[in-house]
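Here's the structure we're looking at; comments come further down.
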Amino acid sequence: VLTNVTFRTTGGIGDISMQIDYIFTDYSKCAFITGITFIFPTATKDEIGFGKYSLAPLVGEIFSTSWGFWGVLVRDYDSIAGNKERKKVHELSLQPLLKLNLGMGWFTIFKPDVRSNWISKRVFIPYTQEFGWMINKNWATSLTGGFHISNADKRYDWIAELRISYLFQ
């Protein structure tokens, strides 16, 4: 993560998150998703992490096509514990998704995210682009890069994320 929120450029490792999702499908073109994300306050600097243990329940719907999928995810980030000096976290996230299959197991996902902070009443809109590869039917790896679109809540300038996913069948 790179940021200049404190008017000096700083970088480091942000918080670590673990996400568990379950996709309900009847093998039609539509699937319902539910899950939860756990955020651990492991950032190397205060400017680049929440500073709180947080949970984010998830619901969403995805529509499959021959070229990938499209859909929307809704999350509610809420802090549950952590550094008392840090602000409480409570954000609603609305994230449209568009995945394109590129062939030979490669894919890309367009994933802008509109986050409304319930506490500060500010909107944060990060845009991320994910490029990945399905190693086999259970394992996938991807690299996500992004930046923020809105200036209302400037949390970071640039972000990069490495994902390793295990898909239960």
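Quick caveat, the model's predicted, so the values are computed rather than measured. All heavy atoms count here, side chains included; hydrogens, waters and symmetry mates do not.
- Inspection of the E130 and T108 side chains reveals no N or O donor paired with an N or O acceptor under 3.5 Å.
- No donor-acceptor pair closer than 3.5 Å links the side chain of T144 to the backbone N or O of A160.
- To the nearest 0.5 Å, atoms NZ (K87) and OG (S79) are separated by 12.0 Å.
- Residue V72 is not grouped with residue I62 when hydrophobic side chains (ILVMFWY) are merged at heavy-atom distances under 4.5 angstrom, including chains of intermediate members.
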* To do: Dump the intermediate steps for side chain to side chain contact (heavy atoms under 4.5 Å, CB included) on L102 and W133, then the final yes or no.
  => CA-CA 9 Å; L102 303 175; W133 179 51; over 6 Å; no
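- Figure legend: K99 and F107 shown as a cation-pi pair, the cationic atom lying under 6.0 angstrom from the six-membered ring centre and within 45 degrees of its axis.
- Counting only N and O atoms by type, the side chains of D15 and T42 include no donor and acceptor under 3.5 Å apart.
- Within the 4.5 Å cutoff, the side chain of I39 has no heavy atoms near those of the Y53 side chain.
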* Taking it one step at a time, do F131 and L143 satisfy side chain to side chain contact (heavy atoms under 4.5 Å, CB included)? -> CA-CA 6 Å; F131 291 97; L143 182 62; 5.6 Å; no
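- From I80, atom CD1 reaches atom OG of S54 across 7.0 Å, with rounding to the nearest 0.5 Å.
- A 4.5 Å side-chain heavy-atom check between L100 and F110 finds at least one atom pair inside the cut-off.
- Both W139 and F168 belong to a common hydrophobic cluster when Ile, Leu, Val, Met, Phe, Trp and Tyr are linked at side-chain heavy-atom distances under 4.5 angstrom.
- In this structure, the side chain of S165 does not engage the main chain of T141 through any donor-acceptor pair within 3.5 Å.
- Taking CG of D78 as the reference point, atom NE2 of H90 lies at 4.5 Å (rounded to 0.5 Å).
- With contacts defined as side-chain heavy-atom distances shorter than 4.5 Å, the pair R163/S142 qualifies.
- Cluster membership for L167 and L73, using ILVMFWY side-chain heavy atoms within less than 4.5 angstrom, is shared.
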* To do: Kindly indicate, with the supporting measurements, whether the criterion side chain to side chain contact (heavy atoms under 4.5 Å, CB included) is fulfilled by I125 and D113.
  => CA-CA 6 Å; I125 306 176; D113 191 4; over 6 Å; no
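- The 12-atom threshold is exceeded at CG of L162, counting heavy atoms of other residues, nucleotides or ligands nearer than 6.0 Å.
- Proximity of V74 to L58: side-chain heavy atoms (C-beta onward) are nowhere separated by under 4.5 Å.
- More than 12 heavy atoms of other residues, nucleotides or ligands shown are found within 6.0 angstrom of CH2 on W67.
- Distance alone, capped at 3.5 Å, places no donor-acceptor pair between the S17 side chain and the F40 backbone.
- Separation of atoms OG (S93) and CG (D76) is listed at 9.5 Å; rounding is to 0.5 Å.
- Residues V123 and N117 fail the side-chain proximity criterion, which asks for heavy atoms closer than 4.5 Å.
- In this structure, CD on E61 lies 12.0 Å from CD1 on I23, to the nearest 0.5 angstrom.
- Under the 4.5 Å side-chain heavy-atom criterion for Ile, Leu, Val, Met, Phe, Trp and Tyr, Y166 and I20 are members of distinct hydrophobic clusters.
- For N101 (side chain) and G103 (main-chain N/O), no donor-acceptor pair under 3.5 Å exists by modelled atom type.
- No side-chain heavy atom of F32 sits less than 4.5 Å from a side-chain heavy atom of T25.
- The line from NZ of K52 to NZ of K84 is 9.0 Å long, rounded to the nearest 0.5 Å.
- No more than 12 heavy atoms of other residues, nucleotides or ligands lie within 6.0 Å of NZ in K29, so this atom counts as exposed by the packing criterion.
- Counting only heavy atoms from C-beta outward, the side chains of V59 and I33 never approach each other to under 4.5 Å.
- Nearest approach of P96 to P112, heavy atoms of both residues: CD-O, 3.5 Å.
- Within the 4.5 Å cutoff, the side chain of W70 has no heavy atoms near those of the L97 side chain.
- The two residues R115 and Y77 come nearest to each other via the heavy atoms NH2-OH, 3.1 Å.
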* Please lay out, stage by stage, how R75 and T37 fare under the test side chain to side chain contact (heavy atoms under 4.5 Å, CB included). => CA-CA 9 Å; R75 290 184 182 88; T37 301; 3.9 Å; yes
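- Centroid-to-centroid, the aromatic rings of Y127 and F147 come within less than 6.0 Å.
- Under the 4.5 Å side-chain heavy-atom criterion for Ile, Leu, Val, Met, Phe, Trp and Tyr, I149 and V114 are members of the same hydrophobic cluster.
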